[in-house]
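Counting from 1, the numbers follow the sequence of the chain as shown.
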Amino acid sequence: MLTKEMTVGQVLKQYPQTVQVFLELGMHCLGCPSSAMESVEGAALTHGKSPDELVEKLNKAIAAV
């Protein structure tokens, strides 16, 4: 299970199945250098998304595998 404190880079490395969730939400920063340092919460807020909703969707994608 991932948390909003994890960096986007950590999430993508540990759970590659989450890429689609980020893309569907218009978060195309996956290859961005800041993804290595930015938390899931920070990325969500930067893109005008709810951090809790993003974490919920990401965890659903992980559980679906």
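Residues Ile62 and Met1 are not in side-chain contact: their nearest non-hydrogen atoms beyond the backbone lie 4.5 Å or more apart. At least one side-chain heavy atom of Leu45 sits less than 4.5 Å from a side-chain heavy atom of Pro51. Residues Leu12 and Val19 are in side-chain contact: their nearest non-hydrogen atoms beyond the backbone lie under 4.5 Å apart.
In this structure, CZ in Phe22 is found 12.5 Å from NZ in Lys49, a value given to the nearest 0.5 Å. One finds the NE2 atom of His47 at 10.0 Å from the CG atom of Leu54 (value rounded to the nearest 0.5 Å). A distance of 11.5 Å separates CD of Glu56 from CG of Leu2, quoted to the nearest 0.5 Å.
Counting only N and O atoms by type, the side chains of Glu41 and Ser39 include no donor and acceptor under 3.5 Å apart.
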> Going through the distances and angles, do Glu5 and Val40 end up as a side-chain contact (heavy atoms from CB on, under 4.5 Å)?
Replying inline: CA-CA 6 Å; Glu5 290 81 16; Val40 170; over 6 Å; no
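Ion pairing between Glu53 and Lys57 fails under the 4.0 Å rule for side-chain N and carboxylate O.
Ser35 approaches Thr7 most closely through the heavy-atom pair O-CB, 4.0 Å. The two residues Thr18 and Leu58 come nearest to each other via the heavy atoms CB-CD2, 3.6 Å.
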